Amino acid sequence: MNVAVAKTGNGRAVSDLFASAEGRLPGSPSVIAVRREAFETCERLGLPHRRIEEWKYTDLRALVGEVLPLAAAPDATALKRAADAVKAHAIAGARKLVLVDGVFAPDLSDVKALASEASFKTLRETLEKDSGLLRTAAIDAVIALNAAMATDGVVLDIADGTQLSAPIQIIHIAVASSASAFTRSQVAVGKGARATIIESFVAAGAKAYQVNDAVILSVGDNADIAHIRLMDDSPDAVNITSQFVTVGANTKLNFFNMTTGAAVSRLQGFITLAGEGSELSVNGVNLLQKTEHGDTTLVVDHAVPNCVSREVFRAVIDDRAHSVFQGRIIVRPDAQKTDGKMMIRALLLSDEAEADNKPELEIFADDVSCGHGATAGALDDSLLFYLKARGLPEKQAQALLIQAFVGEAIEQIADDDLREHVIGIAERWLERRQ
């Protein structure tokens with residue numbers, strides 16, 4: 001997603017790239033007008049770089065070479081490869097909604113099974129009548145580019161009082177190499193509803209691809225929602241995801257993110273607690289190796305009184321990898337009795353590993369309880385010695401300590417099966433180190 005203001009790395013004008021894709025992008029004439037406006041915003045802002053404070057640790061101009069062409073619509077061969085990936089990555093019992101190279105794949109999805117509990121449309125269908133989903137505030141060029149280029153996504157509406165009998169898993173599968181996919185999804189959760197939403201990003205043999213995803217999540221009053229995001233892209237991929245979340249009153253939202261792939265990844269989340277009495281739990285784990293760069297940037301906005309937020313993040317960084325966590329808690333003037341805490345810990349497994357942790361508080365109220373902390377360090381030599389003295393090889397001893405280190409974040413996943421699934425992903429990452 002390297003959108004230089006004038007040219008991409010091989011000299012093509014970005015405007016030409018947009019023009020070539022415009023005929024394939026869904027939407028009515030009014031939607032196309034919104035797309036053009038978003039693209040003009042993207043060109044005006046330019047690609048985020050280190051002189052922009054929110055992007056100082058993730059300079060896309062330096063990290064990403066060029067905007068790749070939009071992936072072609074998947075053919076029968078691509079869909080067959082995607083079907084194999086679904087079998088490998090689908091969570092048992094979950095209802096699947098599958099996107100292949102940014103295009104919804106109905107034959108790989110469980111639309112009929114979902115119909116009795118949630119309303120579903122594709123973004124492509126929605127944009128034939130309404131441009132509203134593309135009008136999310138363009139906070140940076142990456143978000144504006146997503147609005148300009150989004151080809152498909154899922155639009156879910158979970159009605160008031162609904163209790164989903166099974167999780168919904170949105171699976172993003174990359175099949176085409178050296179191509180880009182732009183997706184945008186919306187999930188609206190009604191009052192008193194209970195649901196678990198899982199997002200998975202995986203590759204089916206694709207190399208050097210780019211993903212630009214956006215998710216708009218609104219949660220009604222008295223709801224209870226778990227949102228799990230698992231990012232396991234190809235080691236040479238780029239994945240930039242932007243999430244916009246609004247939480248109603250007396251609601252519980254438990255969000256978890258795990259990153260175990262991609263050469264460059266960034267999850268940027270903007271969460272607004274808009275109703276009193278709500279509880280927000282945001283947890284995550286970055287498992288990075290080689291030269292991978294993983295960035296998690298979150299803004300939690302306490303806009304009303306009497307809300308609680310907790311953020312727990314763990315990063316394990318090996319080789320020459322680089323982990324970034326930027327977390328900001330904002331407490332508005334009327335948000336008295338806010339309780340907000342944030343803790344970030346990074347574990348460095350090599351002398352060349354790098355962690356940048358930047359927790360921030362912006363407090364404009366006087367009756368609050370807020371705090372943050374950040375640490376970075378190596379494995380405890382005394383604990384390693386203890387385990388090795390009892391016959392464990394060094395890598396296995398390290399694996400036990402790493403599992404304990406990331407456990408606090410993973411344990412926040414309430415569903416036993418999902419938690420075991422995530423633990424399995426972490427264990428496979430550890431096995432690759434041995």
Side-chain angles (χ1 to χ4, degrees), residues 1-3 9 47-48 55 57-68 71 82 85 88-89 99-102 140 142-143 145-146 170-183 198-215 228-243 256-269 284-298 313-326 346 349 353-356 406 422 425-426 428-433:
M1 271 118 332
N2 186 356
V3 183
L47 188 71
W55 290 84
Y57 301 113
T58 303
D59 184 341
L60 291 188
R61 292 186 182 181
L63 290 169
V64 183
E66 62 175 342
V67 178
L68 296 175
H89 296 279
L99 295 156
V100 180
D101 289 334
D140 57 39
V142 169
I143 298 168
L145 182 61
N146 180 275
I170 303 168
I171 308 178
H172 300 256
I173 302 175
V175 176
S177 297
S178 302
S180 61
F182 296 83
T183 50
I198 305 156
E199 291 181 274
S200 301
F201 293 84
V202 299
K207 303 293 184 183
Y209 59 88
Q210 298 174 351
V211 173
N212 184 332
D213 179 54
V215 178
I228 314 296
R229 182 180 180 272
L230 306 173
M231 205 282 291
D232 192 22
D233 279 297
S234 171
D236 51 5
V238 175
N239 186 317
I240 311 294
T241 296
S242 306
Q243 296 195 333
F256 177 85
N257 175 74
M258 174 175 275
T259 299
T260 56
V264 178
S265 65
R266 176 173 166 114
L267 169 65
Q268 53 180 7
V285 174
N286 279 355
L287 299 176
L288 306 175
Q289 59 183 338
K290 299 180 181 178
T291 58
E292 293 173 346
H293 179 103
D295 180 342
T296 302
T297 295
L298 297 173
F313 279 82
R314 299 287 182 267
V316 180
I317 313 126
D318 203 358
D319 305 318
R320 294 164 52 212
H322 183 194
S323 177
V324 176
F325 179 86
Q326 300 180 102
L349 300 181
E354 184 178 357
D356 285 299
V406 301
V422 172
I425 294 174
R428 287 191 291 276
W429 184 88
L430 289 168
E431 288 172 0
R432 294 198 294 268
R433 291 190 69 242

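Values below: all heavy atoms of this structure, side chains included; hydrogens, waters and symmetry mates excluded. Note that the coordinates shown come from a computational prediction; the quantities given were computed from them, not determined experimentally.
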Original post:
How about Ile240 and Leu60: do any of their side-chain heavy atoms sit closer than 4.5 Å?
Top reply: yes
Drop me the distance from [X]'s [atom1] to [Y]'s [atom2], to the nearest 0.5 angstrom.
| X | Y | atom1 | atom2 | answer |
| --- | --- | --- | --- | --- |
| Asp295 | Arg266 | CG | CZ | 4.5 Å |
| Arg314 | Phe325 | CZ | CZ | 11.0 Å |
| Gln289 | Leu430 | CD | CG | 10.0 Å |
| Leu99 | Thr183 | CG | OG1 | 6.0 Å |

Original post:
With a cut-off of 6.0 Å (strictly less than), are more than 12 heavy atoms of other residues, nucleotides or ligands near CZ of Arg433?
Top reply: yes
**OP:** Assess whether side chain to side chain contact (heavy atoms under 4.5 Å, CB included) is satisfied between Ile425 and Met258, documenting all intermediate values.
**Re:** CA-CA 9 Å; Ile425 294 174; Met258 174 175 275; 3.7 Å; yes
Original post:
Going through the distances and angles, do Val316 and Val406 end up as a side chain to side chain contact (heavy atoms under 4.5 Å, CB included)?
Top reply: CA-CA 8 Å; Val316 180; Val406 301; 3.7 Å; yes
Subject >> Side chain Ser180, main chain Leu68, donor-acceptor under 3.5 Å >> reply: yes
**OP:** Using modelled atom types only, decide if a donor and an acceptor are shared between the side chain of Tyr209 and the backbone of Ser234 within a distance under 3.5 Å.
**Re:** yes
Original post:
Checking side-chain contact (heavy atoms from CB on, under 4.5 Å) against Gln268, which of Thr58, Thr296, Ile143 comes through?
Top reply: Ile143
Original post:
Given the rule in the side-chain hydrogen bond (donor to acceptor under 3.5 Å, both in side chains) test, do Gln326 and Thr297 qualify, once you have shown the distances and angles that lead to the verdict?
Top reply: CA-CA 5 Å; Gln326 300 180 102; Thr297 295; 3.0 Å; yes
Set of residues satisfying side chain to side chain contact (heavy atoms under 4.5 Å, CB included) with respect to [X], sequence neighbours excluded:
| X | result |
| --- | --- |
| Ala315 | Asn286, Ile317, Ser323, Ala346 |
| Ser177 | Ala206, Lys207 |
| Asp59 | His49, Arg50, Arg61, Ala62 |
| Ala263 | none |

Heavy-atom pair with the smallest gap, counting every atom of [X] and [Y]:
| X | Y | result |
| --- | --- | --- |
| Ala262 | Met231 | CB-CE, 3.8 Å |
| Glu199 | Asp213 | OE2-OD2, 3.8 Å |
| Glu292 | Thr260 | OE2-O, 4.5 Å |
| Leu287 | Trp429 | O-NE1, 3.3 Å |
| Ala181 | Asp101 | CB-C, 3.8 Å |

Subject >> Parallel, tilted or perpendicular: rings of His322 and Tyr57 (30°, 60°) >> reply: perpendicular
Subject >> Check against side-chain hydrogen bond (donor to acceptor under 3.5 Å, both in side chains), Ser265 and Asn239 >> reply: CA-CA 5 Å; Ser265 65; Asn239 186 317; over 6 Å; no
**OP:** Name all pairs fulfilling the salt bridge (Lys or Arg N to Asp or Glu O under 4.0 Å) condition that reach into residues 228-241, sequence neighbours left out, sorted by first residue then second.
**Re:** none
Original post:
side-chain hydrogen bond (donor to acceptor under 3.5 Å, both in side chains) with Asn146: which residues, sequence neighbours excluded?
Top reply: Arg184, Asn212
